[in-house]
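Written below as structure tokens is the structure these notes are about.
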Amino acid sequence: MRGIHSGTADAPVCGPCTTPDAELWRPCPTCGQAERLHAPGPCPRCTLKQRLHELLVDGTGSINPKLQSFHEALADTERAGTAMRWLSKGIVSTVLSDLGSGRRPLTHEALDELPEGKVVEHIRSVLVATGTLPPRDEQMVRLERHVKNLIASHATAEGRKILHRYATWHLLRRLRRRSRGKEITHYQLASARQHLRAAVHLLDWLEEQNLTLARCRQADLERWMTSAEGRHRREAGHFVRWALAQKIARDLSFPAVRWNGPSQAMDDEARWDTARRLLHDAAIRPEDRLAGLLLLLYAQWPAAISRLTVDHIEETDGTVRIRLGAVPVELPAPVADLARQQVAIRRSHAVLGRRESPWLFPGGQPGRPISAWAMGERLRKLGIRLAENGSEPLPETGAPTQPRSAAAQTHSPTHPLTTQNRAPDDHPGPLGRLAHHLANRDHHHA
């Protein structure tokens, strides 16, 4: 229990809630502001500014102009005590001192030379958020580093040459083309890494059998597929088919594995129950409710949800729409209220270098959105199992999605392109269908 610092006997006030008053608290000897000082000397804010100046000054006693915005952001951070603890963590003070003095260049490449870890990642994210360093695709950089290490792990020069061609001119090239200049997601990184790892496993096994990909025959490939070493078979199939197309291998057959939907049957009743809970349970955080409903009602996966910005939400004459594709979608009242609330109160979990974020779901690093993995974890805690939810929205919502194929689009009974061709009296628009469906279910469960 916190001690009483002010107020009255009938309305006591604890220390953190007490308004600073020069007559009640001691003034800071440096800035003169009234603070709840625990020891003689400057207040936490002045101590932070002094420490930052010590770390960031160069040989002339001044701070590099390129580091000024970084210095100001940390000096003005909301929690001076948290910033001080961060500066004393691990190699933070050493790195900042090296950057300030010029011993280490103020570049991404210079930070790449440091040991990998969360501390360096956070230093970089604060430098980027404050405009000290330019933004870059960290997931792609991480993938390129992993690709280099995986290729080097193979024993033969010929195998490493094949892996380099496969990774550079197929996997990475295709990934860059699909991302269209945007940052890749965690799931894209994991998929590319899994494909390359499968190729490495296959070539390692061939080397153990004194074989090469060029001398591998169908019997050899089938022997690998049925052995205990035959890991990541589906991804290995992609590699084999690429090698055949490149005429690196010949006379091999590796049939494609078709995706047949979720591993478990989708339970629409359970999904509706979860959707109703997210619509009405005020005990759940609003941002989690909105994210869950975007998945359940609009078939948006964590990677897509995490990349939404405030510009994806539009409000005109009281009508709220969300842009999930080429045409904005009107949100029904309960979801619209959550979207409107999220735009207004969204708050980054970052403490250091916090800036106004464009992301609808800000992450733990300044200037960055929540990661797709973290978004997926939050949805799982709500009871939404991603593997059991297909790529279609819940029936009867009429919510638009991106079907996997033209055939799926044409024959999906719940897709808007199908329902729009029916009589409007029988099938009102998405807003009406959702409201009507929820009303009927609420009455049914009453």
Side-chain angles (χ1 to χ4, degrees), residues 116 139-140 142-179 184-266 301 303 372-373 376 385-391 404-405 407-408:
E116 294 183 45
Q139 296 279 30
M140 181 62 79
R142 194 173 294 117
L143 177 59
E144 290 172 344
R145 187 183 302 127
H146 192 81
V147 163
K148 183 179 178 180
N149 294 336
L150 266 179
I151 293 174
S153 70
H154 184 65
T156 69
E158 181 63 26
R160 291 194 296 271
K161 182 179 178 181
I162 294 173
L163 290 170
H164 181 269
R165 284 181 60 185
Y166 178 58
T168 304
W169 299 110
H170 182 64
L171 294 179
L172 295 181
R173 184 182 182 184
R174 183 176 61 175
L175 190 53
R176 288 192 179 96
R177 184 172 63 248
R178 289 182 175 179
S179 63
I184 66 173
T185 68
H186 170 79
Y187 294 117
Q188 288 175 313
L189 178 149
S191 176
R193 188 165 52 190
Q194 191 84 316
H195 278 75
L196 183 58
R197 188 180 291 119
V200 172
H201 286 324
L202 177 56
L203 292 185
D204 285 348
W205 182 84
L206 289 173
E207 171 63 18
E208 292 173 1
Q209 309 302 312
N210 295 317
L211 292 170
T212 65
L213 196 57
R215 292 190 291 114
C216 179
R217 294 295 172 261
Q218 186 66 29
D220 301 318
L221 183 60
E222 291 176 358
R223 187 156 51 93
W224 173 79
M225 293 174 64
T226 57
S227 69
E229 291 83 4
R231 290 176 287 177
H232 311 306
R233 293 178 180 84
R234 187 166 114 173
E235 290 80 5
H238 288 269
F239 172 62
V240 170
R241 286 187 289 276
W242 170 84
L244 289 168
Q246 299 295 314
K247 302 190 184 308
I248 298 172
R250 62 188 180 88
D251 300 330
L252 296 179
S253 175
F254 204 123
V257 179
R258 182 170 181 173
W259 187 80
N260 292 317
S263 57
Q264 300 181 35
M266 290 181 290
W301 283 81
W373 179 87
R385 298 176 181 174
L386 303 181
E388 297 180 12
N389 288 278
S391 60
R404 293 185 174 272
S405 64

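The CZ atom of R241 lies 9.0 Å from the OG atom of S253; values are rounded to the nearest 0.5 Å. Atom CG in L196 sits 8.0 Å away from atom OG in S153 (nearest 0.5 Å). How far CD1 of I184 is from CG of L175: 4.5 Å, rounded to the nearest 0.5 Å. Distance NE2/H195 to OH/Y166: 5.5 Å, rounded to 0.5 Å. Atom NE2 of H164 is separated from atom NZ of K161 by 11.0 Å, given to the nearest 0.5 angstrom. Atom CG of L143 sits about 5.0 Å away from atom CG of L189, to the nearest 0.5 Å.
The nearest pair of heavy atoms linking A198 to A236 is CB-N, 3.6 Å. Here the closest non-hydrogen pair linking R234 and H238 is O-CD2, 3.2 Å. For the pair A372 and A303, the tightest heavy-atom approach, listed with the atom from each and the gap, is CB-CA, 3.7 Å. Between C216 and L252, the shortest heavy-atom distance links the atoms O-CD2, 3.6 Å. Shortest non-hydrogen contact noted between S179 and R176 is OG-O, 3.0 Å.
Using a cut-off of 4.0 Å between Lys/Arg side-chain N and Asp/Glu carboxylate O, E207 and R215 are scored as not salt-bridged. A salt bridge links R223 with D220; the closest basic N to acidic carboxylate O contact falls under 4.0 Å. A salt bridge is defined here as a Lys NZ or Arg NE, NH1 or NH2 lying under 4.0 Å from an Asp or Glu carboxylate O, and E235 with R197 fails to meet this definition.
Not a single donor-acceptor pair under 3.5 Å links the side chain of R193 to the backbone N or O of H146. A donor-acceptor pair is defined here as one N or O able to donate and one able to accept, closer than 3.5 Å; no such pair exists between the side chain of H154 and the backbone of L150. For T168 (side chain) and R165 (main-chain N/O), no donor-acceptor pair under 3.5 Å exists by modelled atom type. Between the side chain of R250 and the main chain of L244, no donor-acceptor pair closer than 3.5 Å is present.
Aromatic ring orientation, W224 versus F254: tilted (interplanar angle from 30° to 60°). Using cut-offs of 30° and 60° for the angle between ring planes, the W242 and H170 rings count as tilted.
Between M140 and L172 there is a side-chain heavy-atom pair separated by less than 4.5 Å. Side chains of W169 and R174 form no contact here, defined as non-hydrogen atoms less than 4.5 Å apart. Side-chain contact between T212 and L206: absent, with no pair of heavy atoms (C-beta onward) separated by less than 4.5 Å.
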Trace of the side-chain contact (heavy atoms from CB on, under 4.5 Å) decision for I162 with F239: CA-CA 10 Å; I162 294 173; F239 172 62; 4.0 Å; yes
Residue pair E116, R145: steps toward the salt bridge (charged side-chain N to carboxylate O under 4.0 Å, His left out) verdict: CA-CA 11 Å; E116 294 183 45; R145 187 183 302 127; 3.6 Å; yes
